[in-house]
Amino acid sequence: MNISFLGNWRKRRGPASGAALMGAQEEDPQGIAQLLSECELLRARASAAGIGLDDSTASLEALDQMAPRWRDDPDELPWLGNDAGLYLGTVIVRTVPGAVWQVWPNGRPVVRLASGREVDVVEAGQQWAADGAPELCQRYAEVAEA
């Protein structure tokens with residue numbers, strides 16, 4: 001992956017922090033969107049379950065039907081939840097007009113809607129991974145209606 005701001009930033013400062021992501025967001029918003037859409041663990045689990053993640057609302061519905069085997073692994077649960085939230089955010093940013101990634105000063109990525117409302121998709125993904133509710137497609141529908 002070639003994210004222009006990341007190489008230059010590392011040369012000057014070392015490991016990333018929240019402030020660096022905020023600055024990078026302004027410099028290269030597409031690079032940040034690409035970075036946040038990777039969701040490697042979720043994509044691997046979905047692929048193993050025969051689910052293709054194509055950044056569509058249908059893929060969110062398919063994820064909601066996936067057997068939650070990660071709940072048996074307390075080490076994997078938070079990582080998968082984080083990825084689920086980032087994937088939910090990716091689908092929102094790519095399909096809801098005016099939705100964009102926003103990085104808070106603490107480094108937490110959220111989705112900002114055209115209305116100005118910010119959605120903490122990482123929290124939503126972690127709730128989904130832990131209990132399955134609300135479903136990812138339900139969260140998407142709530143955001144898309146706003």
Side-chain angles (χ1 to χ4, degrees), residues 1-11 13-96 99-113 117-146:
M1 170 184 354
N2 182 17
I3 302 176
S4 61
F5 71 84
L6 205 50
N8 292 335
W9 184 86
R10 283 184 178 150
K11 288 177 191 173
R13 296 188 173 83
S17 70
L21 282 176
M22 285 179 62
Q25 172 187 332
E26 294 169 11
E27 184 179 320
D28 187 4
Q30 290 178 339
I32 287 291
Q34 184 179 358
L35 180 66
L36 296 174
S37 71
E38 285 188 0
C39 316
E40 289 183 35
L41 179 60
L42 179 69
R43 289 182 188 279
R45 296 298 175 265
S47 178
I51 298 170
L53 299 184
D54 60 0
D55 303 342
S56 70
T57 55
S59 65
L60 293 174
E61 293 171 5
L63 285 173
D64 287 333
Q65 301 305 313
M66 194 166 66
R69 292 186 177 92
W70 60 84
R71 291 187 190 138
D72 297 333
D73 185 347
D75 292 331
E76 186 172 317
L77 179 68
W79 292 103
L80 191 105
N82 187 72
D83 277 9
L86 294 177
Y87 185 71
L88 171 62
T90 296
V91 174
I92 292 169
V93 167
R94 292 188 178 164
T95 61
V96 175
V100 295
W101 284 107
Q102 178 71 41
V103 180
W104 285 344
N106 67 359
R108 189 169 187 111
V110 298
V111 172
R112 186 170 27 97
L113 304 176
R117 176 179 162 218
E118 292 182 341
V119 181
D120 188 344
V121 291
V122 172
E123 180 182 325
Q126 290 172 340
Q127 288 175 341
W128 173 81
D131 341 284
E135 292 182 333
L136 295 174
C137 64
Q138 180 183 354
R139 286 301 295 250
Y140 174 84
E142 291 168 1
V143 168
E145 286 178 7

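Because only heavy atoms are used, hydrogens play no part in the values below, and waters and symmetry mates are left out as well, while side chains stay in.
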Heavy-atom closest contact ([X] atom, [Y] atom, distance):
X: Leu63; Y: Ala46; answer: CD2-CB, 4.0 Å
X: Val119; Y: Leu113; answer: CG2-CD1, 4.1 Å
X: Val121; Y: Pro109; answer: CG2-O, 4.4 Å
X: Gln126; Y: Pro78; answer: NE2-O, 4.1 Å
X: Gly81; Y: Ala129; answer: CA-CB, 3.5 Å
X: Asp83; Y: Glu40; answer: OD2-N, 3.5 Å

Residues in side-chain contact (heavy atoms from CB on, under 4.5 Å) with Gln138, at least two apart?
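For Gln138 the side-chain contact (heavy atoms from CB on, under 4.5 Å) partners, ignoring immediate neighbours, are Pro134, Glu135, Glu142.
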
When you look at Glu123 and Arg108, which way does the side-chain contact (heavy atoms from CB on, under 4.5 Å) test go after all the steps?
CA-CA 10 Å; Glu123 180 182 325; Arg108 189 169 187 111; 3.7 Å; yes

Quick one: list whatever passes side chain to side chain donor-acceptor pair (under 3.5 Å) with Asp54, sequence neighbours left out.
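Only Ser56 meet the side chain to side chain donor-acceptor pair (under 3.5 Å) criterion with Asp54.
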
Looking at Thr57, Val91, Asp64, which one forms a side-chain contact (heavy atoms from CB on, under 4.5 Å) with Leu136?
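Running side-chain contact (heavy atoms from CB on, under 4.5 Å) over Thr57, Val91, Asp64 with Leu136 returns exactly one hit, Asp64.
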
Under the side-chain contact (heavy atoms from CB on, under 4.5 Å) rule, what do Leu88 and Val111 come out as? Steps first, then yes or no, please.
CA-CA 10 Å; Leu88 171 62; Val111 172; over 6 Å; no

What is the distance from atom [atom1] of [X] to atom [atom2] of [Y], rounded to the nearest 0.5 Å?
X: Gln127; Y: Arg139; atom1: CD; atom2: CZ; value: 6.0 Å
X: Leu80; Y: Trp128; atom1: CG; atom2: CH2; value: 6.0 Å
X: Tyr87; Y: Leu42; atom1: OH; atom2: CG; value: 8.0 Å
X: Glu61; Y: Tyr140; atom1: CD; atom2: OH; value: 10.5 Å
X: Gln30; Y: Ser37; atom1: CD; atom2: OG; value: 11.5 Å
X: Gln65; Y: Leu60; atom1: CD; atom2: CG; value: 12.0 Å

Donor-acceptor pair, Arg71 side chain versus Ala130 backbone, under 3.5 Å?
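Indeed, once roles are kept as given, a pair shorter than 3.5 Å links the two residues.
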
Is there a donor-acceptor contact under 3.5 Å from the side chain of Thr90 to the main chain of Leu86?
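Yes, because the side chain of Thr90 sits within donor-acceptor range (under 3.5 Å) of the backbone of Leu86.
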
